[in-house]
Amino acid sequence: MTPDIQAPRGTQDILPDEQPWWDYVRDTAERLCGKFRYAQIDTPMFEDVALFKRTVGDTTDIVQKEMYVFKDRGDQELALRPEGTAPVCRAYIEHGMHNQPQPVRLFYITPIFRYDRPQAGRFRQHHQFGIEAIGDASASADAETIEILWRLYEELGLTGLTLNLNSIGDADCRPRYLEALRDYYADKLDRVCRDCQARVERNPLRLLDCKNAECQDVIAGAPAFTDYLCDACGDHFSQVSGYVEALGIPHVVNPRLVRGLDYYTRTVYEVQPEEEGGQSTVGGGGRYDHLIEQLGGRPTPGVGFATGIERIILNMKRQDVPLPSASQLDVFVVCASAAARVFAFKLASDLRRGGISALVGDSTRSLKAQMRHASSLDAAYAAIIGDRELESASVTLKRLADGSQETVPIGDVAAHVQA
RNA sequence: GUGGGCGUAGUGUAGUUGGUUAACACGUCAGGUUGUGGCCCUGAAGAUCGCGGGUUCAAAUCCCGUCGCUCACCCCA
């Protein structure tokens, strides 16, 4: 039945049955972060809009059409967080983290909001696990983030993934490349789509990842950024590749890889599953060497990634990745009368304090009904308390798997269950 | 934002050349005598057929709108 009010478009309830997937992914991510000594950070769900306009970029889709923007009662212009990196950098500055040993390694697991048209693997509220290594300009930092992302998928059991790697240069060489790109497109405008015609001026890098069929020929012949990198960027890129190579992480250099956020410099990367579909990317990231200063901090390099938890789970399900077995209810206490029920309550309480999970049945329901209930909850044991047991301060303990049962003193239940 | 498909009990489905009490499975609850599960049997509850409007003597079945889901585009996680 559809209720009058339902979850807003593009949002979803994550029901109890789904939670094991989420727990598994979160636990794996957190454990991995621990090994690399990344510490968790939580930032507010909403921020000053300016934070995103300034960093993500005014011409990007995220800012232009996907942000949830609103004014609060004090006329503050706020935005629901559309991505995770800028807020973390804001916090880095605000809390003087440059005074800590660099780089500062941070991770987050948090909801992200984008006003997109929903489809499989794409939501208006989704969740990202992301990390940021701030304060390290070296190529090894890039490689470290790539390794974490790759190991995460590996540990979760995802297969068939492709790591795409590219460099989009820096303030030094990017203008030169963009000029070359514009020159190349100058006499081909009649052969590309309308979007691309506009991109030539507004956002030329994005020309490269246009998926329109009519534009593919032109893209194929376009100059590659890797041929235009300045010495420093070229050097950095080959070092990153070298590290990734040394770690044994398979990857391809994809000169057409461009990310949709303006703050990236040099290294950009994305991981894609074999199975094509609306959502081709499970995770992506890159370096952002000017983001901190754009926000008023002292010039500080940074690198990080974000990966979508919904998409990870989607791909795990597609690949039939097994989940660690769920925990089982240890004891269901069946009680035959109101008096027995009080007794049962006390027993369950004692068991739980001893680390055993326990539930008590409804004494107004028949023993048979309670037993059925125990069975459908998949309890390991049913502990039956009736008049006989009350008199002798004992319980009839039945192992549901094989139907065997014995009467044990009330104090021995825990030991029997744990055995 | 653009285009295509879809929308029936908690879940999965049947029912559409419009015609009396909308069907089935699973699930839920109860019962199959005397203190006991899983299988089996019986029964019950549970759907204003997404919502609103229209056509008609009559609509779950036709038309329009709307909301939502879904696929593709766009973009991304």
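Computed over heavy atoms, backbone and side chain alike; hydrogens, waters and symmetry mates excluded.
Here the P atom of nucleotide B/U70 and the CZ atom of A/Phe123 are 7 Å apart, to the nearest Å. Following rounding to the nearest Å, A/Tyr381 (OH) and B/G38 (C1') show an atom-to-atom distance of 17 Å. If you measure from atom CG of A/Asp17 to atom P of B/C26, you get 19 Å, rounded to the nearest angstrom. Rounded to an integer number of Å, the gap from CD of A/Gln64 to C1' of B/C74 is 13 Å. Rounded to an integer number of Å, the gap from CD of A/Glu391 to P of B/G35 is 14 Å. Rounded to whole angstrom, the span from the CG atom of A/Asp378 across to the P atom of B/G37 amounts to 17 Å. For the pair A/Glu66 CD and B/C73 C1', the computed distance is 14 Å after rounding to whole Å. Counting to the nearest Å, the C1' atom of B/C69 and the CZ atom of A/Arg124 are 13 Å from each other.
B/G3 and B/G10 have their P atoms separated by 33 Å, with the value rounded to a whole Å. Of the C1' atoms belonging to B/U48 and B/G5, the separation is 27 Å, rounded to the nearest Å. Comparing B/A14 with B/A9, their C1' atoms sit 13 Å apart, to the nearest whole Å. Nucleotides B/U55 and B/C62 are separated by 8 Å at their C1' atoms, to the nearest Å. To the nearest whole angstrom, the two P atoms, one in B/A44 and one in B/G1, are 49 Å apart. B/G15 sits 16 Å from B/U20 when the C1' atoms are compared, rounded to a whole Å. Taking the P atoms as reference points, B/U66 lies 39 Å from B/A45, given to the whole Å. Taking the P atom of each, B/U21 and B/C49 are spaced 13 Å apart, rounded to whole Å.
Across B/G32, B/C74, B/C71, the shortest atom-to-atom separation from the side chain of A/Lys368 is found for B/G32. Comparing B/G35, B/C75, B/A30 by their closest approach to the side chain of A/Arg388 singles out B/G35. Closest to the side chain of A/Arg365, out of B/U70, B/C29, B/C75, is B/C29. Side-chain proximity of A/Leu400 to B/G37, B/C29, B/C74: nearest is B/G37. Distances from the side chain of A/Ala120 to the nucleotides B/G38, B/C71, B/G1 place B/C71 closest.
Two residues, A/Thr396 and A/Val258, neighbour RNA chain B, and the one matched to the more 5' nucleotide by heavy-atom proximity is A/Thr396.
Nucleotide B/G43 forms a pair with B/C29, judged by Watson-Crick or G-U wobble geometry with both contacts under 3.5 Å. Using N1 to N3 plus N6-O4 or O6-N4 for Watson-Crick, or N1-O2 and O6-N3 for G-U wobble, each under 3.5 Å, B/U2 pairs with B/A72. B/G65 and B/C51 make up a base pair, with Watson-Crick or G-U wobble contacts both under 3.5 Å.
A/Ala401 comes within 4.0 angstrom of a nucleotide base, judged by non-hydrogen atoms across all strands. Across all strands shown, A/Gly84 has no heavy atoms under 4.0 Å from either base or sugar-phosphate atoms. A/Ala379 comes within 4.0 angstrom of nothing in the nucleic acid, heavy atoms only. If you check every strand for non-hydrogen atoms under 4.0 Å, A/Ala306 touches sugar and phosphate atoms only. Among the atoms of the strands shown, none is found under 4.0 Å from any heavy atom of A/Glu270. Looking at heavy-atom distances under 4.0 Å, A/Gly284 makes contact with sugar-phosphate atoms alone, never a base.
Within the 4.0 Å cut-off from OP1 or OP2 of B/U36, not a single side-chain nitrogen or oxygen of A/His373 is found. Residue A/Ser366 places at least one side-chain N or O under 4.0 Å from the OP1 or OP2 atom of B/G31. Taking only side-chain nitrogens and oxygens, A/Arg9 never comes nearer than 4.0 Å to OP1 or OP2 of B/C67. Taking only side-chain nitrogens and oxygens, A/Gln119 comes nearer than 4.0 Å to OP1 or OP2 of B/A72.
Between the side chain of A/Arg372 and the base of B/G32, at least one donor-acceptor pair of N or O atoms lies under 3.5 Å. A donor N or O paired with an acceptor N or O is not found under 3.5 Å between the base of B/G35 and the side-chain atoms of A/Gln370. Side-chain N/O atoms of A/Arg117 and base N/O atoms of B/C71 include no donor-acceptor pair closer than 3.5 Å.
Residues A/Ser167 and A/His236 have side chains not in contact (no heavy-atom distance under 4.5 Å, counting atoms from C-beta outward). Using a 4.5 Å cut-off on side-chain heavy atoms (C-beta onward), A/Phe36 and A/Arg105 make no contact. Residues A/Phe70 and A/Phe46 form a side-chain contact, since some pair of their non-hydrogen atoms from C-beta on lies under 4.5 Å apart.
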Side chain to side chain donor-acceptor pair (under 3.5 Å) between A/Glu389 and A/Thr407, worked out: CA-CA 8 Å; A/Glu389 288 80 2; A/Thr407 299; 5.3 Å; no
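With respect to the salt-bridge test (charged N to carboxylate O, under 4.0 angstrom), the residues A/Glu154 and A/Arg151 qualify. Salt-bridge check for A/Asp116 with A/Lys65: failed, with every basic side-chain N at 4.0 Å or more from each acidic carboxylate O.
Although no hydrogens or angles enter the test, the distance criterion places a donor-acceptor pair under 3.5 Å between the side chain of A/Arg81 and the main chain of A/Thr43. In this structure, A/Tyr243 contributes its side chain and A/Glu144 its backbone to no donor-acceptor pair below 3.5 Å.
Residues A/Ile131 and A/Tyr108 come closest through the heavy atom pair N-CE2, 4.4 Å.
In summary, the side chains of A/Thr281 and A/Glu270 do present a donor paired with an acceptor at a separation below 3.5 Å, with no hydrogens or angles considered.
Geometric assessment of A/Arg266 against the ring of A/Phe237 yields a negative cation-pi assignment under the 6.0 Å and 45° thresholds.
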N/O-N/O pairs, protein side and nucleotides 5-7 of chain B side, under 3.5 Å:
none

